Protein chains: 2
Amino acid sequence: MPRPPSVDEDQLGDLIAAVFRAKGYEGTGIGDLATASGLQRASLYHRFPDGKEQMAQVALTHVGRRFAAILAPMRDDPDVARGIAETARGLGEFYGFGALSCVLDTMTLAGAPAPLRDRARSLATAWLDAMTDAARRAGHRPEAAVRAARDAFVRVEGALVLGRVTGDTGVFAETVALLPSLLVPEDRA
Amino acid sequence: MPRPPSVDEDQLGDLIAAVFRAKGYEGTGIGDLATASGLQRASLYHRFPDGKEQMAQVALTHVGRRFAAILAPMRDDPDVARGIAETARGLGEFYGFGALSCVLDTMTLAGAPAPLRDRARSLATAWLDAMTDAARRAGHRPEAAVRAARDAFVRVEGALVLGRVTGDTGVFAETVALLPSLLVPEDRA
DNA sequence: GTCTATATTTGGATAGAC
DNA sequence: GTCTATCCAAATATAGAC
């Protein structure tokens, strides 16, 4: 009878994604993934026959699923402002309140395989589109909504870099707390 | 008689820094640096006997010098607002108008040697301090100056990530153009 | 499906001639 | 100071037993 996996697909995706997002594509070794997952390297190749690049794709897929869940309130809550606030909380938690990095940053350095970079771009676009749409529904004009979403993206990514470089996670915390005021117009907050 | 170097110290620092900033520490190979510099790998080891980590330190030192020059107007110009505007232009150019990455981002991923991360932090601190000081002299109160500087840092770094991930460099251009209004109080602009 | 053991390639680093 | 040639360790990937 088939042997059950020692870690299920989703757990494995989570563990792998954590390594890639901290160390980037080239900085991540199969040994790092083995250590993080509790599997031997050969077992990882059994799960992902196409090797490291496939493992990285799995990491991005996992992040995409996590992100979709985080963005859901902003997209679905009839009270858009409340949904945005809930999504902001989710983002804060997802990024370890400023202590973690973003795969969109760390996995897109020059040297990463083009398919990975493409996938990262589509993740970024999905996130930006979701914020733009929410800002629009919250009362922003189309142009202002696009700008607000870009601004939110820029501030989150920049605050994560600041946190990693200086060790100060406070700016990220403030940034996340500020997100609703960015995406919801003054007079609708 | 001693043979003159085929590339001088500063040129070499520039070429090496360009590779590290694009590919990060682990993503950069000695072969990449050799290709970029036109030297053989062994020649790089002659220049930098302590190997890759020393080469990365040289890259950071070079970036530190470039940065000092870019920050000079903001620090020295008696007309602070004018100096800030000039520094902003310098930053825009240094980052290839949004097409390049920042070493503070790419060289600080988990896995980079601690001394490198320390050096990157001190570079970031110097930049933040310079902006804080300028904002203070431009008329901001101490607390507001600190916040303005952090905001400027966050926006620049975030816009560079956005540019790398989505290919859209326009946001970085806008960000740089906006820097003076961030660092100079409304009523002093 | 996971493991131990191993093959193969890459990459950091060195030796020594010129 | 730069080069060719080489060493050696690390990393990706594979083979085959359980």
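Below, read A as the first sequence line, B as the second, and so on, with proteins coming before strands; counting in each chain starts at 1. These numbers come from a predicted model, not from an experiment.
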Quick one: which protein N/O atoms are closer than 3.5 Å to N/O atoms of nucleotides 5-10 of chain D? Pair and distance per line, please.
none

Item to check | Co-members of the apolar cluster containing B/Leu109 [side chain, <4.5 Å] | outcome: A/Leu109

Please answer whether the main-chain N or O of [Y] pairs with a side-chain N or O of [X] as donor and acceptor at a distance below 3.5 Å.
X: B/Arg137; Y: B/Met74; result: yes
X: A/Thr132; Y: A/Val146; result: no
X: B/Thr175; Y: B/Ala159; result: no

Donor-acceptor list for residues 98-108 of chain A side chains, cut-off 3.5 Å, not counting sequence neighbours:
from, atom 1, to, atom 2, distance (Å)
A/Ser101, OG, A/Arg164, NH1, 2.9
A/Asp105, OD1, B/Arg164, NH2, 2.5
A/Asp105, OD2, A/Arg164, NH2, 3.4
A/Thr106, OG1, A/Arg21, O, 3.0
A/Thr106, OG1, A/Cys102, O, 3.4
A/Thr108, OG1, A/Leu104, O, 2.6
A/Thr108, OG1, A/Asp105, O, 3.1
A/Thr108, OG1, B/Arg164, NE, 3.1

Checklist outcome for this item: Taken to the nearest whole Å, CG/A/Leu12 to C1'/C/dT2 is 13 Å

Next on the checklist: From CE of B/Met55 over to P of C/dG11, roughly how many Å is that when rounded to an integer?
Outcome noted: 14 Å

Item to check | DNA chain C contacts among residues 111-120 of chain A, heavy-atom distance under 4.0 Å | outcome: none

Checklist entry - Which residues in residues 45-52 of chain A have at least one heavy atom lying under 4.0 Å from any atom of DNA chain C? => result A/His46, A/Arg47

Checklist entry - Tell me, which of residues 22-29 of chain A have any heavy atom that sits under 4.0 Å from an atom in DNA chain D? => result A/Thr28, A/Gly29

Item to check | Close residues, residues 30-40 of chain A, relative to DNA chain D [heavy-atom separation under 4.0 Å] | outcome: A/Ile30

Item to check | Partner residues of B/Arg82 under the side chain to side chain donor-acceptor pair (under 3.5 Å) criterion, sequence neighbours left out | outcome: B/Asp77

Item to check | Residues forming a side chain to side chain donor-acceptor pair (under 3.5 Å) with A/Asp79, sequence neighbours excluded | outcome: none

Item to check | Salt bridge B/Asp118-B/Arg121, side-chain N to carboxylate O under 4.0 Å | outcome: yes

N/O donor to acceptor pairs below 3.5 angstrom from side-chain atoms of residues 52-60 of chain B, sequence neighbours left out:
from, atom 1, to, atom 2, distance (Å)
B/Lys52, NZ, B/Tyr25, O, 3.0
B/Lys52, NZ, B/Thr28, O, 2.8
B/Gln54, OE1, B/Asp50, N, 2.8
B/Gln57, OE1, B/Arg119, NE, 3.1

Item to check | salt bridge (charged side-chain N to carboxylate O under 4.0 Å, His left out) contacts touching residues 31-46 of chain A (sequence neighbours left out) | outcome: A/Lys23-A/Asp32

Checklist outcome for this item: Residues pairing under ring pair (Phe, Tyr, Trp, His ring centres under 6.0 Å) where one sits in residues 35-80 of chain A, two or more places apart or in two chains, turn out to be A/Phe67-A/Phe94, A/Phe67-A/Trp127

